[in-house]
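Data block below; observations after.
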Amino acid sequence: MGDSPAVRPVTRRRRATLSAGRGATLPRASGASAAGSHGAVAGNSSGGDGERKPEEWESAHNKAKSERRKQRRDDTSDRLSCHQLQQSLLSSTSGYRNYRGILNWCVVMLLLSNSRLFLENLLKYGILVDPIQVVSLFVKDPYSWPAACLLIVSNLFILVALYTERQLSMGSFTERVGLLVHCVNLSVILSFPAAVVLLVPSMTPVGSAFALGTYTILFLKLYSYKDVNMWCRELSTAKAKKLSRSLSCPSDQRSGNHRVCYPGNLTIKDLYYFVFAPTLCYELNFPRSPTIRTSFLLRRLVEMLFFIQLLVGLTQQWMIPIIQSSMKPLEEMDLSRMMERLLRLAVPNHLLWLMFFYWFFHSSLNFTAELLRFGDRQFYKDWWNSETVTYFWQNWNIPVHKWCLRHFYKPMLRRGVSKIVSQSAVFFLSAFFHEYLVSVPLRMFRLWAFMGMMAQLPLAWFVGRFLRGNYGNAAVWISLIIGQPFAVLMYVHDYYVIHYSQVTD
């Protein structure tokens with residue numbers, strides 16, 4: 001009985017302890033009660049500052065938890081996504097430039113279409129390639145070779161130019177007399193072969209064109225030879241020793257550093273080196289390659305033989321049948337059929353022109369340059385990327401462009417002529433030589449080549465003013481395919497129509 005009051009307090013203490021333990025464990029199961037209990041404990045321990053720390057911790061914890069959930073959702077969407085922000089490859093904004101496959105497709109389609117035309121031509125006309133007919137294009141009479149005789153006579157004009165320059169260097173001729181002799185010599189170079197072609201019946205059109213082309217090149221070379229030597233005489237008093245020449249004639253040089261000054265360059269060997277060199281501009285300092293590469297020389301020779309045979313074969317097999325079939329529409333003046341025939345001729349004519357460009361400007365000129373160790377091999381630039389007509393004429397024939405720039409365009413500017421007039425004069429000179437090389441061998445004057453060249457002036461202005469980029473390049477290609485060969489096609493048609501009507505009469 002006496003022990004009962006002592007036991008009761010212990011029991012109460014155990015119940016209080018158990019209830020305190022239950023109160024400490026239960027809030028951990030529920031977030032709100034846990035926060036309250038922690039706040040109460042913290043409040044009892046640290047006062048007012050401790051009441052804000054659990055809230056900040058809870059908000060930071062919730063933010064981190066939401067960011068982790070969002071990141072998991074983004075990762076999941078990225079793994080399941082197959083789309084992104086991008087442009088189509090053929091759009092101009094995509095920046096895509098690799099069209100090699102499309103270029104190969106164009107080449108394959110071109111080969112297939114031309115193969116079809118080739119098979120159609122063989123089935124319709126048979127094999128028309130005749131090597132004997134090629135010989136008859138150059139020689140009409142086997143005992144008469146007027147074109148070859150003209151080439152031999154051309155040496156006379158070379159020697160006259162050399163003799164005149166020697167007399168000028170020694171003071172035997174005055175500048176006025178020397179200029180007069182050079183003008184007469186250059187005038188005869190152009191007029192004499194033209195007179196022979198027009199008066200000698202045995203001259204064939206192909207042989208005449210070859211002879212006149214050779215004389216035209218000789219005219220441009222000797223004109224440059226005259227100008228450069230005149231410039232040397234003008235600078236002889238103060239700067240003659242600065243105008244030294246390179247190893248144009250290596251047999252005359254005993255050491256690589258030995259250089260010859262004016263008038264030491266006035267030798268037959270030096271002049272004939274310039275005549276055969278693949279350039280139209282004479283210099284006292286010709287760049288020279290160190291050696292002759294035999295493998296390079298043989299490759300160019302094989303290309304020359306292959307492409308000349310291909311040009312002749314395609315002309316006989318492809319061009320001539322279309323030209324013969326177009327005689328009747330031209331006689332009847334059927335405009336629709338005439339246009340159809342001319343468009344049919346435009347593509348093969350352009351392909352032949354491209355082959356001729358590679359044969360002459362790459363294979364032939366590189367062969368000559370390698371044989372003579374001529375160092376400047378830039379005979380053409382990237383004219384196929386031309387976005388203006390002016391750029392094309394400046395880059396497709398570098399030797400002629402250099403001559404026009406050095407001996408015709410810049411001298412006119414130095415004399416006070418305006419730039420537009422000088423450019424027009426260059427086109428006029430080019431138009432004259434185009435007409436000269438076409439009309440005289442065919443013995444008919446239609447001025448198609450002259451008008452075609454002069455039409456390049458307004459075309460160049462229009463393309464340069466209104467067309468840019470790919471549109472300008474397309475316009476240049478269209479002018480080459482349709483415009484530039486169009487005058488030559490008109491001459492060929494007129495020539496065949498004239499002879500066909502004569503045979504019919």
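Two residues are said to be in side-chain contact when any heavy atoms from C-beta on lie closer than 4.5 Å; Tyr215 and Phe210 fail this criterion. Using a 4.5 Å heavy-atom threshold, the side chains of Ile481 and Ile478 count as separate. Contact annotation: the side chain of Thr279 never approaches that of Lys402 to less than 4.5 Å [non-hydrogen atoms, C-beta and beyond]. With a 4.5 Å cut-off on side-chain heavy atoms, Val417 and Leu413 do not count as touching. Using a 4.5 Å heavy-atom threshold, the side chains of Tyr282 and Asp227 count as separate. Under the 4.5 Å side-chain criterion, counting only non-hydrogen atoms from C-beta, Asn397 is not in contact with Phe379. Between Met412 and Phe408, some side-chain heavy-atom pair lies under the 4.5 Å cut-off. Side-chain contact check for Asp382 versus Tyr391: some heavy-atom pair is nearer than 4.5 Å.
Glu165 has a carboxylate O that lies under 4.0 Å from a charged side-chain N of Arg233, or vice versa, which qualifies the two as a salt bridge. Under the 4.0 Å criterion applied to side-chain N and carboxylate O atoms, Lys124 and Glu120 are not assigned as salt-bridge partners.
Residue-environment remark: CD1 (Ile127) stays at or below the threshold of 12 foreign heavy atoms within 6.0 Å. No more than 12 heavy-atom neighbours from other residues, nucleotides or ligands sit within 6.0 angstrom of CH2 on Trp105.
We find the CD1-CD1 distance between Ile268 and Ile158 to be 10.5 Å, quoted to the nearest 0.5 Å. Note that CG of Leu179 is 12.5 Å distant from CZ of Phe173, once rounded to the nearest 0.5 Å. Rounded to the nearest 0.5 angstrom, His182 NE2 and Glu175 CD are separated by 9.0 Å. Cys281 SG to Asp376 CG: the interatomic distance, rounded to the nearest 0.5 Å, is 10.0 Å. Rounding to the nearest 0.5 Å gives a distance of 9.0 Å between CG of Leu280 and SG of Cys404. Atoms CG and OG1, on Leu168 and Thr174 in that order, are 8.0 Å from each other to the nearest 0.5 Å.
Cation-pi geometry between Lys221 and Phe274 is satisfied (NZ or CZ under 6.0 Å from the ring centre, within 45° of the ring normal). A cation-pi arrangement is present between Arg300 and Phe296 under the rule of less than 6.0 angstrom and at most 45 degrees off the ring axis.
Tyr262 contributes no side-chain N or O that, together with a main-chain N or O of Val228, makes up a donor-acceptor pair within less than 3.5 Å. Distance alone, capped at 3.5 Å, places no donor-acceptor pair between the Asp270 side chain and the Leu266 backbone. A distance-only check finds no donor-acceptor pair linking the side chain of Glu387 to the backbone of Asn470 [under 3.5 Å]. At least one donor-acceptor pair closer than 3.5 Å links the side chain of Arg443 to the backbone N or O of Val197. Of the possible donor and acceptor atoms, none in the side chain of Thr164 sits under 3.5 Å from a partner among the backbone N and O of Val181. Looking only at distances, no side-chain donor or acceptor of Arg166 sits under 3.5 Å from a matching main-chain atom of Pro263. Glu435 places a side-chain N or O within donor-acceptor distance of the main-chain N or O of Leu447, the cut-off being under 3.5 Å. Proximity of a side-chain donor or acceptor of Thr388 to a complementary backbone N or O of Gly464 within less than 3.5 Å is not detected. One N or O on the side chain of Ser386 and one on the backbone of Trp383 form a donor-acceptor pair closer than 3.5 Å.
Counting all heavy atoms, side chain and backbone alike, Ala369 lies closest to Pro278 at CB-CG, 3.7 Å. Residues Leu467 and Ala475 share a closest heavy-atom pair of CD1-CB, 3.7 Å. Gln378 and Ile398 get closest at one heavy-atom pair: O-CG2, 3.2 Å. Contact between His362 and Asn366 at its shortest, heavy atoms only, is O-ND2, 2.7 Å. Of all the heavy atoms in Gly207 and Thr204, the pair that sits closest is N-OG1, 3.2 Å. Of all heavy-atom pairs between Leu212 and Ala194, the closest is CD2-N, 3.8 Å.
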* Verdict with supporting geometry, Met203 and Val200, side-chain contact (heavy atoms from CB on, under 4.5 Å) -> CA-CA 6 Å; Met203 287 288 292; Val200 177; 3.9 Å; yes
* Phe286 and Phe374: side-chain contact (heavy atoms from CB on, under 4.5 Å), yes or no, with the steps? -> CA-CA 7 Å; Phe286 283 113; Phe374 187 77; 3.5 Å; yes
* In sequence, state the C-alpha distance, the side-chain angles, and the governing distance for Leu218 and Thr214, and then conclude on side-chain contact (heavy atoms from CB on, under 4.5 Å). => CA-CA 6 Å; Leu218 185 62; Thr214 303; 5.7 Å; no
* Ser224 and Arg406: CA distance, side-chain angles, deciding distance, side-chain contact (heavy atoms from CB on, under 4.5 Å) verdict -> CA-CA 9 Å; Ser224 177; Arg406 186 190 192 197; 3.8 Å; yes
Please output the side-chain donor-acceptor pairs of residues 150-157 that fall under 3.5 Å, not counting sequence neighbours, one pair per line with the distance.
| unit_1 | atom_1 | unit_2 | atom_2 | d |
| --- | --- | --- | --- | --- |
| Ser154 | OG | Leu151 | O | 2.4 |
| Asn155 | OD1 | Tyr272 | OH | 2.9 |
| Asn155 | ND2 | Ile152 | O | 2.9 |

Enumerate, atom names and distances included, each donor-acceptor pair closer than 3.5 Å involving a side-chain atom of residues 424-433, sequence neighbours excluded.
| unit_1 | atom_1 | unit_2 | atom_2 | d |
| --- | --- | --- | --- | --- |
| Ser424 | OG | Ile420 | O | 2.9 |
| Ser430 | OG | His434 | ND1 | 3.4 |

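Between Tyr223 and Trp403, a ring centre-to-centre spacing shorter than 6.0 Å is recorded. Side-chain rings of Tyr380 and Phe361 stay apart, their centers remaining 6.0 Å or farther from each other. Ring centroid separation for the pair Trp396 and Trp353 comes in under the 6.0 Å cut-off.
No side-chain donor-acceptor contact under 3.5 Å links Glu303 and Trp359. If you check the side chains of Asn229 and Asn265, you find a donor sitting under 3.5 Å from an acceptor.
Each of Arg377, Arg299, Arg288 was compared with Glu370 under the salt bridge (Lys or Arg N to Asp or Glu O under 4.0 Å) criterion, and only Arg377 meets it. The one candidate from Phe357, Tyr358, Phe356 that meets the ring pair (Phe, Tyr, Trp, His ring centres under 6.0 Å) condition with Phe307 is Tyr358.
Applying the side chain to side chain donor-acceptor pair (under 3.5 Å) test to pairs two or more places apart or on separate chains, none has a residue in residues 408-419.
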